[in-house]
Number of protein chains: 2
Amino acid sequence: MSYKIKSRIWIESEDNVLLGEGRVHLLKAIDETGSLSKAAKSLNISYKKAWQLLDSVNKSAKKPVTINSIGGKGGGGAQLTKYGKSLIKAFDEINKNCWAFLDEQLSKIEHL
Amino acid sequence: MSYKIKSRIWIESEDNVLLGEGRVHLLKAIDETGSLSKAAKSLNISYKKAWQLLDSVNKSAKKPVTINSIGGKGGGGAQLTKYGKSLIKAFDEINKNCWAFLDEQLSKIEHL
DNA sequence: TTTCGTTATATCCAATCAAATATAACGAAT
DNA sequence: ATTCGTTATATTTGATTGGATATAACGAAA
């Protein structure tokens with residue numbers, strides 16, 4: 001049984017985490033459900049945690065990543081901005097490339 | 001001010017963490033000081049944490065990474081094995097390559 | 001103006017994690 | 001035998017984290 005190489009990448013802004021794997025999952029769930037509370041339920045995390053993550057994302061980003069509305073039809077909701085979608089796309093691509101890169105590096109430890 | 005990409009890589013064996021950045025730092029300090037307690041002090045971590053890390057490393061590795069001795073001249077000590085040194089070398093190289101790789105990926109977010 | 005489901009926030013409690021402390025076991029040297 | 005500094009381990013305390021709960025604010029629609 002050989003060793004495996006694992007990795008985590010994330011994007012920072014002024015030493016604050018902007019996007020990591022968990023945050024991207026949350027943003028994708030918001031995009032699918034249209035609300036933060038439904039996204040939290042779909043990910044089986046508490047609303048509190050989801051809200052804290054989203055708040056941190058929007059505070060770290062240069063431009064809004066979601067538009068959140070309170071009240072009104074359906075009680076309100078959250079929507080990804082175009083900017084948010086482009087951030088997710090960039091993260092996913094870099095992350096995928098990183099995995100592929102590390103796969104190539106496996107040869108450096110297969111003899112150990 | 002632009003975003004930054006950060007990363008962490010680690011090597012796993014049977015779903016146990018074998019080597020990460022912290023563990024590599026500890027092993028290098030052991031190599032320099034010849035003892036686990038001195039290594040812990042030099043890294044400003046508790047002996048307990050250092051011991052737990054080293055124990056986990058040696059339990060996850062296929063072959064011993066350190067040889068630990070109790071009692072005797074100087075009270076005992078810990079020494080890196082050749083195998084441990086080769087693991088560190090491989091980790092460092094892969095990690096360095098990963099940083100360089102992610103530097104190249106920066107162009108994918110510099111417009112965001 | 002009442003209803004509704006949501007965002008936003010505070011509070012409390014449990015659980016997990018880290019630090020600090022204490023102590024035994026060890027073996028070469030004296 | 002005693003000393004010494006180390007490895008190895010348990011215990012306790014404190015800090016941080018996360019979950020659960022409660023509640024206010026909101027605004028469109030009925």
Side-chain angles (χ1 to χ4, degrees), chain A residues 8 10 12 15-18 20-61 63-81 83-84, chain B residues 8 10 12 15-18 20-61 63-81 83-84:
Chain A
R8 279 268 150 127
W10 63 96
E12 282 190 8
D15 288 335
N16 296 314
V17 175
L18 166 63
E21 235 170 71
R23 290 161 193 243
V24 166
H25 282 153
L26 177 62
L27 293 179
K28 286 178 178 174
I30 289 173
D31 197 32
E32 289 163 6
T33 62
S35 98
L36 180 56
S37 62
K38 285 177 188 163
K41 278 182 191 133
S42 83
L43 295 181
N44 271 85
I45 62 176
S46 64
Y47 175 84
K48 177 190 176 184
K49 185 170 182 180
W51 183 85
Q52 284 174 333
L53 280 173
L54 182 59
D55 186 54
S56 169
V57 167
N58 277 317
K59 278 180 177 156
S60 305
K63 298 196 283 181
V65 172
T66 63
I67 302 294
N68 311 322
S69 63
I70 313 178
K73 179 182 180 181
Q79 278 197 330
L80 278 193
T81 61
Y83 184 67
Chain B
R8 281 266 151 127
W10 64 96
E12 282 190 8
D15 288 333
N16 297 314
V17 175
L18 166 63
E21 234 170 71
R23 289 162 193 241
V24 166
H25 282 153
L26 178 62
L27 292 179
K28 285 178 178 173
I30 289 173
D31 197 33
E32 289 163 7
T33 62
S35 97
L36 180 55
S37 63
K38 285 177 188 164
K41 276 179 192 137
S42 82
L43 294 181
N44 271 83
I45 62 177
S46 65
Y47 175 83
K48 178 190 175 185
K49 184 171 182 179
W51 182 85
Q52 284 174 332
L53 280 174
L54 182 59
D55 186 54
S56 168
V57 167
N58 277 317
K59 278 179 177 158
S60 306
K63 297 196 285 181
V65 171
T66 63
I67 302 292
N68 311 322
S69 63
I70 312 178
K73 179 182 181 182
Q79 277 197 331
L80 278 192
T81 61
Y83 183 66

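- Scanning for side chain to side chain donor-acceptor pair (under 3.5 Å) contacts around A/Gln79 gives an empty result, with sequence neighbours left out.
- Side-chain N/O atoms of A/Ser37 include one lying less than 4.0 angstrom from OP1 or OP2 on C/dT7.
- In plain terms, the two heavy atoms of A/Val17 and A/Arg23 that are nearest each other are O-NH1, 3.1 Å.
- The two atoms that bring B/Leu36 and B/Ala50 nearest to each other are CD1-CB, 3.8 Å, heavy atoms only.
- When the nucleotides D/dT6, C/dT6, C/dT7 are ranked by their closest atom to the side chain of A/Tyr47, C/dT7 comes out on top.
- For the OP1/OP2 pair of C/dA8 and a distance below 4.0 Å, the side-chain nitrogens and oxygens of A/Trp51 include at least one atom meeting the criterion.
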I need a per-nucleotide contact map over nucleotides 17-24 of chain D, read 5' to 3'. Cutoff is protein heavy atoms under 4.0 Å; write B for the base, S for backbone only, - otherwise. --BB----

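- Non-hydrogen atoms lying under 4.0 Å from DNA chain D are contributed by B/Ser35, all within residues 25-35 of chain B.
- Rounded to whole angstrom, the span from the CD1 atom of A/Ile67 across to the P atom of C/dT6 amounts to 19 Å.
- Annotation: of the two residues near DNA chain C, B/Ile70 and A/Leu54, the 5′-most nearest-nucleotide partner is A/Leu54.
- Applying the side-chain hydrogen bond (donor to acceptor under 3.5 Å, both in side chains) test to pairs two or more places apart or on separate chains, those with a residue in residues 67-77 of chain B are B/Thr66-B/Asn68.
- Shown here for B/Ala61 and B/Val65, the closest heavy-atom pair between the two residues is CB-CG2, 3.6 Å.
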Pairwise N/O distances under 3.5 Å, protein to nucleotides 28-30 of chain C:
unit_1: C/dA28; atom_1: O4'; unit_2: B/Lys73; atom_2: N; d: 3.4

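- Taking the screw axis at each terminus of the helix from C/dT1-D/dA30 to C/dT30-D/dA1 from five consecutive base pairs, the angle between the two is 10° to within rounding of 10 degrees.
- Residues forming a side chain to side chain donor-acceptor pair (under 3.5 Å) with A/Glu12 (at least two apart in sequence, or on another chain): A/Trp10.
- The side chain to side chain donor-acceptor pair (under 3.5 Å) search around A/Tyr83 returns B/Tyr3, not counting sequence neighbours.
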Using distance only, find each side-chain donor-acceptor pair of residues 37-45 of chain B under 3.5 Å and give its atom names and separation, not counting sequence neighbours.
unit_1: B/Ser37; atom_1: OG; unit_2: B/Ser35; atom_2: OG; d: 3.3
unit_1: B/Ser42; atom_1: OG; unit_2: B/Ala39; atom_2: O; d: 2.9

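- Residues in residues 42-52 of chain B take part in no salt bridge (Lys or Arg N to Asp or Glu O under 4.0 Å) pair, two or more places apart or across chains.
- Remark: A/Asn68 is not in phosphate contact with C/dT6, judged by side-chain N or O atoms under 4.0 Å from OP1 or OP2.
- Rounded to the nearest 0.5 angstrom, A/Ile30 CD1 and A/Ile67 CD1 are separated by 12.0 Å.
- Within the structure, the salt bridge (Lys or Arg N to Asp or Glu O under 4.0 Å) test picks out the following pairs touching residues 24-35 of chain A (sequence neighbours left out): A/Lys28-A/Asp92.
- In terms of the side chain to side chain donor-acceptor pair (under 3.5 Å) criterion, A/Asn16 has no residue partners (sequence neighbours excluded).
- Between the NZ atom in B/Lys59 and the CG atom in B/Leu54 there is a gap of 10.5 Å [rounded to 0.5 Å].
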